[in-house]
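So you know, we letter chains A, B, ... as the sequences are listed, proteins then strands, and number each from 1. Source: prediction; values computed, not measured.
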There are 2 protein chains.
Amino acid sequence: MSPKRAYSGEAAPATPGAVWLRAGDRRPASRAPALTRERIVTATVALLDGQGAQGVQGLSMRKLAESLDVHATSLYWHVSHRDDLLDLALDAVFAEVTLPEPNPDTRDADNSRTAGAWREDVGLFMDELRTALLRHPWSAPLASSRPLLGPQALARSEFVYAALVAGGFEGDDLTAAAAAVSNYVIGTVSAETAWQYENPGEEAAGRRALVAHLRAAGEEHPTLAAHPPSLSTDWEGHFARGRDFLLDGLAHAVAPSG
Amino acid sequence: MSPKRAYSGEAAPATPGAVWLRAGDRRPASRAPALTRERIVTATVALLDGQGAQGVQGLSMRKLAESLDVHATSLYWHVSHRDDLLDLALDAVFAEVTLPEPNPDTRDADNSRTAGAWREDVGLFMDELRTALLRHPWSAPLASSRPLLGPQALARSEFVYAALVAGGFEGDDLTAAAAAVSNYVIGTVSAETAWQYENPGEEAAGRRALVAHLRAAGEEHPTLAAHPPSLSTDWEGHFARGRDFLLDGLAHAVAPSG
DNA sequence: ACCTGAACACCGTTCAAGT
DNA sequence: ACCTGAACACCGTTCAAGT
């Protein structure tokens, strides 16, 4: 109704991932303030973790403020939008991905690259990322829908890029390989967490309904019916198999003869 | 006093003989309902498509109702929650993934499986799915965070399963392969759409800020700085490369010798 | 059977005002 | 510099009531 600037509500900020791009976003503090960005981010992660299957919808500025014993509007001194909070919380999850020093670009006696090194590094990254994302069920869907530009995320990307470069990737192959690795992990964990129930008690009933649904639909989908997709919920095993498929394909790209 | 279109009750009509003058006064005995689930879903997709980079947040029951010339609360006769609408809209996107009859499990003269058939089918599925998801930028993040159980989604799964079974996959390898294929596509498109701007005019400024950000961060991340991730935005090319990496890995699993 | 209207319990965000 | 308080423009969903 109002002609000028329509209510923007929860609309995404104009530039995706804008928190990371704004300079001079944070004012210097004079006296120890009640609120700091760190405290707010910690409380955000805690609130989201406590909201179970609600995901990112479990975060409201008002609930967050209450958990910090402050008014909702105070948060806006430290942060521009709710979305900033989500980006910051996500980067805090990436901080939990702990990685060693990457294996260097070592060579065998015949000057070919050692086969195992880069693959081990990339596989380790994938496993570690999955573990961190699973610890915070709201994080994988978020990671799949926001640019990953926070300092912690960038540091993890650096690790992957270094490992792939050591493995012989370069140019577009490098970019594509790194993207495939991240997207596989994030996509897989996102799918896995999509099955989480609000209430553990509902799981049994939900499972029964799913079996009945697939059986009914299965009459038209014989292959699917013969291999019910998510009834065997060995998520970790399936993750590892798919990870190895992808790593096999990457290995093929840098050593097509072998 | 009285609202604009009140039921007149027993009051005398203003115009004598007005019954005859009013069109549509008598509803047909079995009147077609104003709303159907199909109409609602179509309007939902249209609304979401029109909300640009807002994604799933662009859908409100009130706006949707307005676009259907109905009250928001009427929608609840046809649908239980807002989430139902999202699941229905997502399945409508899967309906746009058009696929041929899958290649059968053909054999070569030496009774080994023809190498190209299943791979062609799976690759086609991946390309088609990407295209459909890109047409509706809100759909990939949604697909990555909801179980894909709609009839259209299941039919597409059937195609992938059939192709993989024809290629020689079974058991956990089959499940893992199918999941990897879907998750790769959905994860990749989700990442791609995460970079979309609300307003095309902001893209240039956002790009400059991103370059500056990566340059500053690049001092600590040399490999990343040397290969700036998303500045070359050949999304399709990178998608195809990653797709082929994965397909190579899958091919290796069913023909480890070759 | 299908739709309306009022009501409830929430939202994110702005802005002037306080300290 | 940092926080409060009131206000604005929205939300999803319920339920009794209408036709």
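Salt-bridge check for R130(B) with E192(B): passed, with a basic side-chain N closer than 4.0 Å to an acidic carboxylate O.
dT4(D) atom C1' lies 16 Å from atom CD of E66(A), rounded to whole Å. R37(B) has its CZ atom 14 Å from the P atom of dC3(C), to the nearest Å. To the nearest angstrom, P of dC3(C) lies 8 Å from CD1 of I40(B).
Comparing dC10(D) with dA9(C), their P atoms sit 22 Å apart, to the nearest whole Å.
Considering only heavy atoms from C-beta on, V19(A) stays 4.5 Å or farther from D91(A) through its side chain. Side-chain contact between S74(A) and L35(A): present, with at least one pair of heavy atoms (C-beta onward) separated by less than 4.5 Å. Using a 4.5 Å heavy-atom threshold, the side chains of D234(B) and T175(A) count as separate. Inter-residue side-chain proximity for L75(A) and L68(A) is flagged as met; some heavy-atom pair is nearer than 4.5 Å. For the pair L59(B) and K63(B), the minimum side-chain heavy-atom distance is 4.5 Å or more. Two residues are said to be in side-chain contact when any heavy atoms from C-beta on lie closer than 4.5 Å; V45(A) and W138(A) meet this criterion. L88(B) places a side-chain heavy atom less than 4.5 Å from the side chain of R37(B).
Within a 6.0 Å radius of CD in E66(A), no more than 12 heavy atoms belonging to other residues, nucleotides or ligands are found. Under a cut-off of 6.0 angstrom, the local environment of CD in Q196(A) is crowded, with over 12 non-hydrogen atoms contributed by other residues, nucleotides or ligands.
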Quick one: which protein N/O atoms are closer than 3.5 Å to N/O atoms of nucleotides 7-9 of chain C? Pair and distance per line, please.
none

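Listed by first and then second residue, the salt bridge (charged side-chain N to carboxylate O under 4.0 Å, His left out) pairs involving residues 210-223 of chain A amount to none (not counting sequence neighbours).
Taking T188(A) as the reference, Y184(A), F239(A), N183(B) meet the side-chain contact (heavy atoms from CB on, under 4.5 Å) condition, with sequence neighbours excluded.
No donor-acceptor pair closer than 3.5 Å links the side chain of S144(B) to the backbone N or O of G187(A). For E158(B) (side chain) and L224(A) (main-chain N/O), a donor-acceptor pair under 3.5 Å exists by modelled atom type.
H71(A) has no side-chain polar atom (N or O) that falls below the 4.0 Å cut-off from OP1 or OP2 of dC3(D). Checking the phosphate oxygens (OP1, OP2) of dC3(D), a side-chain nitrogen or oxygen of H78(A) falls inside 4.0 Å. In terms of phosphate contacts, S74(B) brings no side-chain nitrogen or oxygen within less than 4.0 Å of OP1 or OP2 of dC2(C).
Counting only heavy atoms from C-beta on, W77(A) has its side chain closest to dA1(D) among dA1(D), dC11(D), dC3(C).
When base pairs are accepted only as Watson-Crick or G-U wobble with both N-N or N-O distances under 3.5 Å, DNA chain C takes part in stems of 3 or more pairs at C:4-8 with D:12-16, C:12-16 with D:4-8.
Comparing K63(B) and L75(A) by the nucleotide of DNA chain D whose heavy atom lies nearest to each, the residue mapping closer to the 5' end is L75(A).
DNA chain C is contacted by no residue of residues 79-92 of chain B, taking any non-hydrogen atom closer than 4.0 Å. For the segment residues 46-61 of chain A, the set of residues with a heavy atom within less than 4.0 Å of an atom of DNA chain D is empty.
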